[in-house]
A.B. asks: 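I am attaching a structure below and will ask some questions about it afterwards.
For the single chain, residues carry numbers from 1 onward in sequence order.
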Amino acid sequence: MASSTLLLLILVFLHGLRGGNGCFTTIFSFGDSIADTGNLLISEHGNIPSARPPYGQTFFQRQTGRYSDGRLIIDFIAEALGFPFMRPFLEGPGDGGFRRGVNFAVAGATALDVHFFRERGMDVKWTNLSLHIQLGWFKELLPSLCSTDSDCRKLLATSLFLAGEIGGNDYVYAFGQGKSLSELKSYVHIVNHAIGVLINDLIELGAKTLLVPGNFPIGCVPIYLTMFEHSEDHDLSTGCINWLNDFAQYQNKHLQLELDRLRALHPLATIIYADYYNPIMNIISNRNNNSTGKVTLAACCGGGGPYNFANLVHCGDDSASVCDDPSLYIFWDGVHLTEAAYRFIAEGLLEGPFADPPLKEVCSPVRIIRDDQAHKVHDA
């Protein structure tokens with residue numbers, strides 16, 4: 001990359017499509033901690049790590065329940081489309097109501113219900129607010145947003161649905177309890193079927209535009225690098241664990257096959273696959289080809305060790321360490337990403353190439369606002 005392009009201006013989509021005047025009138029979001037804007041915080045009465053500093057320090061300057069230093073992908077998409085930040089469902093409608101959108105995503109949520117894991121001998125210590133529960137919330141809420149079937153179909157036809165990211169926790173919980181790779185591969189069809197049920201039900205209710213994310217390159221994520229630190233299958237150029245990334249791509253391939261099946265069933269719906277794998281690999285590859293040296297796969301905030309991730313000390317604990325500049329890091333707390341990394345992914349969903357079609361082509365073109373900061377996470 002030429003030196004003149006090492007510092008790219010960030011594309012910040014703060015304007016552009018306006019929710020009231022563009023083709024989307026509402027945003028509905030489902031998923032886990034990658035999209036949760038406060039549901040787990042409320043359901044656990046504030047007794048979670050993201051309720052403590054330094055979560056939220058970069059943008060909100062307070063803790064909102066988001067598992068990052070700042071905004072998430074859903075936040076950047078909402079800003080780009082002229083919407084307020086998505087209100088968590090469990091917070092209630094407030095004065096403004098849920099007509100502009102609502103977020104059902106819950107940190108820690110799985111695509112599969114907890115009985116699936118119990119039947120396989122796992123000790124369930126995570127939230128039971130799975131994808132099925134979130135869909136139930138949506139169906140319960142819908143009559144308060146529209147009074148007739150025709151009105152509901154009109155509302156949902158002009159709404160944007162974010163169906164995930166979901167499924168990542170199904171795998172990390174199983175790996176963490178010693179399940180084998182071959183066993184987890186047997187879960188893939190079941191996980192993707194659960195995602196497919198969500199999408200199919202939403203379309204049958206009237207949804208027309210759905211964004212469905214795949215999985216991250218989990219072999220590069222600090223929690224996995226720590227869990228399998230003695231693996232002999234590290235990629236020398238990236239530092240990631242090859243077989244874990246292969247599994248993530250296996251999951252993503254089968255998710256895309258499920259989406260192809262749904263597109264055939266519902267040809268009038270726009271089902272967009274959101275690529276969360278390649279943005280992270282692009283950041284790592286770009287950094288490693290830079291004169292600044294290899295990218296760190298360590299977390300910005302954590303409990304120490306090679307990847308600043310430890311099971312006994314978590315980000316938010318008094319003894320955790322925090323980096324000086326989160327925008328130079330991909331990973332925030334060893335599991336989740338920094339605002340800078342989420343921004344980079346969101347840009348690729350709005351403008352391409354990480355969504356096909358990109359959201360700007362689903363509606364009218366997004367007007368690009370250029371920030372005066374360097375795109376640090378990508379080019380530092």
A.B. asks: State yes or no: do V313 and M227 share one hydrophobic cluster built from I, L, V, M, F, W and Y residues joined by side-chain heavy-atom distances below 4.5 Å, directly or via other members?
C.D. replies: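 No.
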A.B. asks: Donor-acceptor pair, N39 side chain versus D36 backbone, under 3.5 Å?
C.D. replies: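 Checking the backbone N and O of D36 against the side chain of N39, no donor-acceptor pair under 3.5 Å is found.
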A.B. asks: Could you tell me whether the side chain of I199 reaches within less than 4.5 Å of the side chain of V212, counting heavy atoms only?
C.D. replies: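 Sidechains of I199 and V212: in contact.
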A.B. asks: Under a plain distance cut-off of 3.5 Å, with no hydrogens placed, do Q251 and N192 share a side-chain donor-acceptor pair?
C.D. replies: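 Yes, because at least one side-chain N or O of N192 sits under 3.5 Å from a partner of the opposite role on Q251.
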A.B. asks: Using only atom types and a distance under 3.5 Å, with no angle test, would you say the side chain of D325 pairs donor to acceptor with the backbone of S327?
C.D. replies: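 The answer is yes, because a donor-acceptor pair under 3.5 Å joins these two groups.
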A.B. asks: Angle class for the F228/Y224 ring planes (parallel below 30°, perpendicular above 60°, tilted otherwise)?
C.D. replies: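 Rings of F228 and Y224: parallel, under 30°.
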A.B. asks: I'd like to know if D260 and R263 make a salt bridge, using a cut-off of under 4.0 Å between side-chain N and carboxylate O.
C.D. replies: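 Yes, D260 and R263 are salt-bridged.
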A.B. asks: With a sphere of 6.0 Å drawn around NE2 of H132, does it hold more than 12 non-hydrogen atoms of other residues, nucleotides or ligands?
C.D. replies: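 Count not over threshold, so no.
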A.B. asks: Out of curiosity, F104 CZ to Q134 CD, how far, rounded to the nearest 0.5 Å?
C.D. replies: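 Here the interatomic distance stands at 8.5 Å.
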A.B. asks: Are D318 and R52 close enough for a salt bridge, meaning some N to O gap below 4.0 Å?
C.D. replies: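 Judged by the 4.0 Å cut-off on N to carboxylate O distance, D318 and R52 do not form a salt bridge.
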A.B. asks: So does N252 get a backbone contact from the side chain of Q256, meaning a donor-acceptor N/O pair under 3.5 Å?
C.D. replies: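 Side chain of Q256 to backbone of N252, a donor-acceptor pair under 3.5 Å: yes, one is there.
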A.B. asks: When you compare the side chain of I27 with that of R100, does any pair of heavy atoms fall below 4.5 Å?
C.D. replies: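 With C-beta onward as the side chain, the pair stays apart.
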A.B. asks: Distance from E229 atom CD to Y307 atom OH, nearest 0.5 Å?
C.D. replies: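 It is 8.0 Å, given to the nearest 0.5 Å.
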A.B. asks: Any side-chain heavy atom of C301 sitting closer than 4.5 Å to one from P54?
C.D. replies: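 Counting from C-beta outward, C301 and P54 do come under 4.5 Å.
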A.B. asks: Taking atom CG as the centre, does D123 end up with more than 12 heavy-atom neighbours from other residues, nucleotides or ligands that are less than 6.0 angstrom away?
C.D. replies: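 Yes, because the 6.0 Å sphere around CG of D123 holds more than 12 heavy atoms from other groups.
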A.B. asks: Just by distance, do the side chain of E165 and the backbone of G168 share a donor-acceptor pair under 3.5 Å?
C.D. replies: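 It does hold such a pair.
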A.B. asks: Under a 3.5 Å cutoff, is there a donor and acceptor pairing between the side chains of S182 and S180?
C.D. replies: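 Side-chain D/A pair, S182 to S180: present.
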A.B. asks: Between Y55 and F60 (judged by ring centroids, cut-off 6.0 Å), do the two rings come close enough to count as a pair?
C.D. replies: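 No; F60 has its ring centre 6.0 Å or more from that of Y55.
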A.B. asks: Do L349 and L211 come close enough that some side-chain heavy atom pair is under 4.5 Å?
C.D. replies: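 The answer is yes; the side chains approach within 4.5 Å.
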A.B. asks: Test your reading of the model: is there a side-chain donor-acceptor pair from T158 to the backbone of L155, 3.5 Å cut-off?
C.D. replies: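 Between the backbone of L155 and the side chain of T158 there is a qualifying donor-acceptor contact (under 3.5 Å).
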A.B. asks: Classify the side-chain pair T110/N169 by whether it contains a donor and acceptor separated by less than 3.5 Å.
C.D. replies: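 No, because no side-chain N or O of T110 sits under 3.5 Å from a partner of the opposite role on N169.
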A.B. asks: Between Y173 and W126, is the ring centre distance below 6.0 Å?
C.D. replies: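 Distance test on ring centres: under 6.0 Å, yes.
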A.B. asks: Taking the two cysteines C323 and C300, do their sulfur (SG) atoms come closer than 2.5 angstrom to each other?
C.D. replies: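 A disulfide is present here, as the SG pair of C300 and C323 is separated by less than 2.5 Å.
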A.B. asks: Assess K185 against F247: is NZ or CZ under 6.0 Å from the centre of the six-membered ring, and within 45 degrees of the ring's axis?
C.D. replies: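 No.
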A.B. asks: Can you tell me how far apart OG1 (T64) and CZ (R62) are? Round to the nearest 0.5 Å.
C.D. replies: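 If I round to the nearest 0.5 Å, the distance is 6.0 Å.
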A.B. asks: Do the charged groups of D151 and R153 touch, with an N to O distance under 4.0 Å?
C.D. replies: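 No salt bridge links D151 with R153.
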A.B. asks: Quick one: does NZ or CZ of R87 land under 6.0 Å from the six-membered ring centre of F85, within 45 degrees of the ring axis?
C.D. replies: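 No, cation not above the ring by the 6.0 Å, 45° rule.
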A.B. asks: Taking R343 first and then E339, would you say they form a salt bridge - that is, a charged N and a carboxylate O separated by under 4.0 Å?
C.D. replies: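 Salt bridge: yes.
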A.B. asks: Is any side-chain heavy atom of I133 closer than 4.5 Å to one of F138?
C.D. replies: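 When only atoms from C-beta onward are counted, I133 and F138 do not touch, as no gap falls below 4.5 Å.
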A.B. asks: Kindly work out whether a path of hydrophobic side-chain contacts (I/L/V/M/F/W/Y, heavy atoms less than 4.5 Å apart) joins L129 to V197.
C.D. replies: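 Different clusters: L129 never reaches V197 through Ile, Leu, Val, Met, Phe, Trp or Tyr contacts under 4.5 Å.
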A.B. asks: Output, in order, the C-alpha distance, side-chain angles, deciding distance and verdict of side chain to side chain donor-acceptor pair (under 3.5 Å) for N242 and D233.
C.D. replies: CA-CA 6 Å; N242 288 317; D233 191 25; 3.2 Å; yes
A.B. asks: For the pair D170 (side chain) and L112 (backbone), establish whether a donor and an acceptor sit closer than 3.5 Å, ignoring hydrogens and angles.
C.D. replies: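 Side chain of D170 to backbone of L112, a donor-acceptor pair under 3.5 Å: yes, one is there.
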A.B. asks: Given side chains that start at C-beta, do those of F30 and L198 come closer than 4.5 Å, heavy atoms only?
C.D. replies: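 Contact flag for F30/L198 side chains = yes.
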A.B. asks: Side chains of I42 and F89: does their closest heavy-atom pair fall under 4.5 Å?
C.D. replies: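 When only atoms from C-beta onward are counted, F89 and I42 do not touch, as no gap falls below 4.5 Å.
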A.B. asks: Identify the residue among L72, L337, N278, L350 that makes a side chain to side chain contact (heavy atoms under 4.5 Å, CB included) with I345.
C.D. replies: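 Filter result, single survivor: L337.
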A.B. asks: Is the shortest side-chain N to carboxylate O distance from D75 to R66 below 4.0 Å?
C.D. replies: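 Yes, D75 and R66 are salt-bridged.
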A.B. asks: Would you find more than 12 non-hydrogen atoms of other residues, nucleotides or ligands less than 6.0 Å from Q61 atom CD?
C.D. replies: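 Counting neighbours around CD of Q61, more than 12 heavy atoms of other residues, nucleotides or ligands fall under 6.0 Å, so yes.
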A.B. asks: Can any side-chain N or O of Y342 pair as donor or acceptor with the backbone N or O of G70 at less than 3.5 Å?
C.D. replies: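 Not at all, since once roles are kept as given, no pair shorter than 3.5 Å links the two residues.
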A.B. asks: Assigning hydrophobic clusters by single linkage (Ile, Leu, Val, Met, Phe, Trp, Tyr; side-chain heavy-atom cutoff under 4.5 Å), is V124 placed with L40?
C.D. replies: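 V124 and L40: one cluster.
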A.B. asks: Centroid-to-centroid, F309 to F331, below 6.0 Å?
C.D. replies: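 F309 vs F331: aromatic centres not under 6.0 Å.
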A.B. asks: Does the side-chain contact (heavy atoms from CB on, under 4.5 Å) test come out yes or no for F28 and V102, once each step is laid out?
C.D. replies: CA-CA 5 Å; F28 297 104; V102 57; 3.4 Å; yes
A.B. asks: Would a hydrophobic clustering, with Ile, Leu, Val, Met, Phe, Trp and Tyr connected at side-chain separations under 4.5 Å, put L259 with L257?
C.D. replies: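 In one cluster: no.
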A.B. asks: Would V172 end up clustered with W243 when hydrophobic side chains under 4.5 Å apart are linked, directly or stepwise?
C.D. replies: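 Hydrophobic grouping puts V172 with W243.
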A.B. asks: Check this for me, if you would: do R120 and E183 make a salt bridge, where the nitrogen-to-carboxylate-oxygen distance has to be below 4.0 angstrom?
C.D. replies: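 Salt bridge: no.
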A.B. asks: Between T26 and R99, is there a donor-acceptor pair closer than 3.5 Å when you use the side chain of the first and the backbone of the second?
C.D. replies: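 Such a contact is found between T26 side chain and R99 backbone.
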A.B. asks: Between N286 and N282 (side chain of the first, backbone of the second, donor and acceptor by atom type, cut-off under 3.5 Å), is there such a pair?
C.D. replies: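 Looks like no, no N/O pair under 3.5 Å.
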A.B. asks: When you compare the side chain of I272 with that of L210, does any pair of heavy atoms fall below 4.5 Å?
C.D. replies: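 With C-beta onward as the side chain, the pair stays apart.
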A.B. asks: Determine whether the side chains of T37 and N103 contain a donor N or O and an acceptor N or O closer than 3.5 Å.
C.D. replies: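 Yes, a side-chain donor-acceptor pair sits under 3.5 Å.
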A.B. asks: Return yes if some donor-acceptor pair links the side-chain N/O of S147 with the main-chain N/O of P143 below 3.5 Å, else return no.
C.D. replies: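 Between the backbone of P143 and the side chain of S147 there is no qualifying donor-acceptor contact (under 3.5 Å).
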A.B. asks: Establish, from distance only, whether the side-chain atoms of S237 and D235 form a donor-acceptor pair under 3.5 Å.
C.D. replies: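 The criterion, which ignores hydrogens and geometry beyond distance, is satisfied for D235 and S237.
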